[in-house]
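Reminder, nothing fancy here: chain letters follow the sequence lines and each chain counts from 1.
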2 protein chains.
Amino acid sequence: MSDVGPYTHRMALRFDPIAEARRQWDSHGWGATDAMAAVTSISRAHQIVIGRINDLLRPFDLTFSRYEALVLLSFSRTGALPLGKMGERLMVHPTSVTNTIDRLERDGLVARAPHPVDRRAVLATITDEGRAVTKLATDALVEAEFGVGELRTETLRDLEASLRKLRRDAGDFE
Amino acid sequence: MSDVGPYTHRMALRFDPIAEARRQWDSHGWGATDAMAAVTSISRAHQIVIGRINDLLRPFDLTFSRYEALVLLSFSRTGALPLGKMGERLMVHPTSVTNTIDRLERDGLVARAPHPVDRRAVLATITDEGRAVTKLATDALVEAEFGVGELRTETLRDLEASLRKLRRDAGDFE
DNA sequence: CGACAATACTAGGACTTCCAACTATCGGCC
DNA sequence: GGCCGATAGTTGGAAGTCCTAGTATTGTCG
């Protein structure tokens, strides 16, 4: 088990493929090289990080998106939220929330309930089992520092700051 | 069309949902908060950036992953590469390459050819049409700075540097 | 009050990514 | 030379994301 995980499905290259892409890109005179490299890096980083986290969550039969939904519910005052509000907070499309809640409900970690006032809305309510699994999964993730333990706190914060700008420009908040 | 794009499917919140998650996380005493925030940020940033790029590529009937494959082929000396090598360079699973090439082949942008020496291997070869579309798509992406034009060059480079560490630690290269 | 727009959710389809398993071929080693 | 592990690619299936479209309910406004 010296391997970093299943998402690393081949030998390490002797060069950085993104640095190589940057070189080629420049030599073709294609422009916006920094943007290209940043975007490609984000893409690959996402793939790595999600892969690691899903590996950590597999023992609990969870994925990161389902885990995020559980955490959001466990943080809410009553353990219940309308699906629409969940979509806003999790920053995903409404249909993704439906999908996620379908699976969590099937697994007994969440239950759907009618909204007391608005009959269009549906409340997702976390179950006791849902809370228990969330606790265990959180312990595992924190223990493994979400798979990014090699990075220093400073690097993590730099990352978050740069990406916050991106998110704000995209209209996520403010 | 003052909207930033389809992937922004709701009003902006008045607060940053990741800052809010960070606050809640801390108040529950859960640990590894910086890691949690960084990972969540990467995830959301990926979603935003890919969404923008795919919007830009839609007129060419391309997606980012297919575009990346085309660029890789167009950069290669002969315009052809074994699928396995493409997977290494693009850092994706072999089955993803098969899937991508299937679609590009269906669209006439790439053709499969037998490897001259190794009969196990398959060469993906970019067609003239593939090269033409790649050129047009590249112009569009560069013009739009890959959807991250609001970020300064310095920020883009910081991002790339932080993520390079992550990628190296994950065994992508070196 | 009644028409019409807006909101909340769900259904169906496209796309990507991964994993597990299977086939075909290559290569090393006795 | 022949066996057997490694390598290359494909197939089938599970998940996630998004988009478009459709139903039900709410709310606004003449």
Side-chain angles (χ1 to χ4, degrees), chain A residues 5-11 43-44 46-55 57-58 61-69 81-88 90-107 112-124, chain B residues 3 5-11 43-55 57-58 61-69 81-88 90-107 112-124:
Chain A
Y7 49 92
T8 301
H9 29 68
R10 35 116 200 72
M11 264 40 26
S43 202
R44 173 60 183 154
H46 170 258
Q47 186 186 16
I48 289 170
V49 164
I50 292 299
R52 284 185 175 178
I53 290 182
N54 284 336
D55 287 346
L57 292 176
R58 192 156 300 123
D61 198 23
L62 282 180
T63 59
F64 191 47
S65 52
R66 299 206 296 270
Y67 170 77
E68 283 185 296
L81 286 173
L83 301 201
K85 197 160 296 279
M86 295 187 70
E88 282 180 16
L90 299 173
M91 300 167 283
V92 296
H93 197 278
T95 55
S96 295
V97 180
T98 295
N99 183 358
T100 301
I101 297 298
D102 279 353
R103 174 57 189 268
L104 288 172
E105 189 173 32
R106 204 192 81 192
D107 291 347
R112 273 187 171 87
H115 190 290
V117 184
D118 187 341
R119 280 188 300 174
R120 291 170 302 182
V122 174
L123 288 182
Chain B
D3 196 33
Y7 51 89
T8 300
H9 30 65
R10 37 115 198 70
M11 265 37 23
S43 203
R44 173 60 182 154
H46 170 259
Q47 186 185 13
I48 289 170
V49 164
I50 293 299
R52 287 184 175 180
I53 291 181
N54 284 336
D55 287 346
L57 291 176
R58 192 155 301 123
D61 198 23
L62 282 180
T63 60
F64 191 46
S65 54
R66 299 206 295 272
Y67 170 76
E68 283 185 295
L81 287 173
L83 302 201
K85 196 159 295 276
M86 294 187 70
E88 282 180 15
L90 299 173
M91 300 168 282
V92 296
H93 197 278
T95 53
S96 296
V97 180
T98 295
N99 184 343
T100 301
I101 297 297
D102 279 353
R103 174 58 190 267
L104 288 172
E105 189 172 32
R106 202 193 83 193
D107 292 345
R112 273 185 170 87
H115 190 290
V117 186
D118 187 342
R119 277 189 300 171
R120 295 170 301 181
V122 173
L123 289 182

Distances under 3.5 Å only, N/O to N/O: pair up the protein atoms with those of nucleotides 24-28 of chain C.
| residue | atom | partner | partner atom | Å |
| --- | --- | --- | --- | --- |
| C/dC26 | OP1 | B/R119 | N | 3.1 |
| C/dC26 | O4' | B/R120 | NE | 3.3 |
| C/dC26 | O4' | B/R120 | NH1 | 3.4 |

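- Regarding A/L62, its CG atom lies at a distance of 12 Å from the P atom of D/dA15, rounded to whole Å.
- Remark: A/R119 pairs with no residue by the salt bridge (Lys or Arg N to Asp or Glu O under 4.0 Å) rule, at least two apart or across chains.
- Position along DNA chain D of the nearest nucleotide to B/L81 versus A/S65 favours B/L81 as the more 5'-ward residue.
- Contact annotation: B/R103 side-chain N/O to C/dA14 OP1/OP2 distance is not under 4.0 Å.
- Every pair passing salt bridge (charged side-chain N to carboxylate O under 4.0 Å, His left out) that includes a residue from residues 90-103 of chain B is listed here, sequence neighbours excluded: B/D61-B/R103, B/D102-B/R112, B/R103-B/D107.
- A salt bridge does not link A/R52 to A/D55: none of the charged side-chain nitrogens sits closer than 4.0 Å to a carboxylate oxygen.
- With sequence neighbours left out, B/A124 forms a side chain to side chain contact (heavy atoms under 4.5 Å, CB included) with B/L73, B/L83, B/M86, B/I101, B/V110.
- Taking CG from A/L57 and OG from A/S65, the interatomic distance works out to 9.5 Å, rounded to the nearest 0.5 Å.
- Using a 4.0 Å cut-off, no side-chain N or O of B/H115 falls inside it from OP1 or OP2 of D/dA8.
- Candidate nucleotides C/dC9, D/dC19, D/dT11 were compared by shortest atom distance to the side chain of B/T95, and D/dT11 ranks first.
- Residue B/V97 is the one, among B/V97 and A/S96, whose nearest nucleotide of DNA chain D lies closer to the 5' end (criterion: closest heavy atom).
- Minimum atom distance to the side chain of A/V92 is reached by D/dC18, of the listed D/dC18, C/dC19, D/dT10.
- At C/dT16, none of the side-chain N or O atoms of A/Q47 fall inside 4.0 Å of OP1 or OP2 (strictly under the cut-off).
- In terms of phosphate contacts, B/R58 brings no side-chain nitrogen or oxygen within less than 4.0 Å of OP1 or OP2 of D/dC19.
- When each of D/dT11, C/dC9, C/dC15 is scored by its nearest atom to the side-chain atoms of B/T98, the top-ranked nucleotide is D/dT11.
- Listed by chain and residue number, nothing satisfies the salt bridge (Lys or Arg N to Asp or Glu O under 4.0 Å) test with A/R66 (two or more places apart in sequence, or in another chain).
- Partners of B/S96 according to the side chain to side chain contact (heavy atoms under 4.5 Å, CB included) rule, which considers only residues two or more places apart in sequence or in another chain, are B/V92, B/H93.
- Listed nucleotides D/dA8, D/dA15, C/dC18 differ in distance to B/A121; the shortest reach to its side chain belongs to D/dA8.
- For A/N54 and C/dC18, the CG to C1' distance is 10 Å, given to the nearest whole Å.
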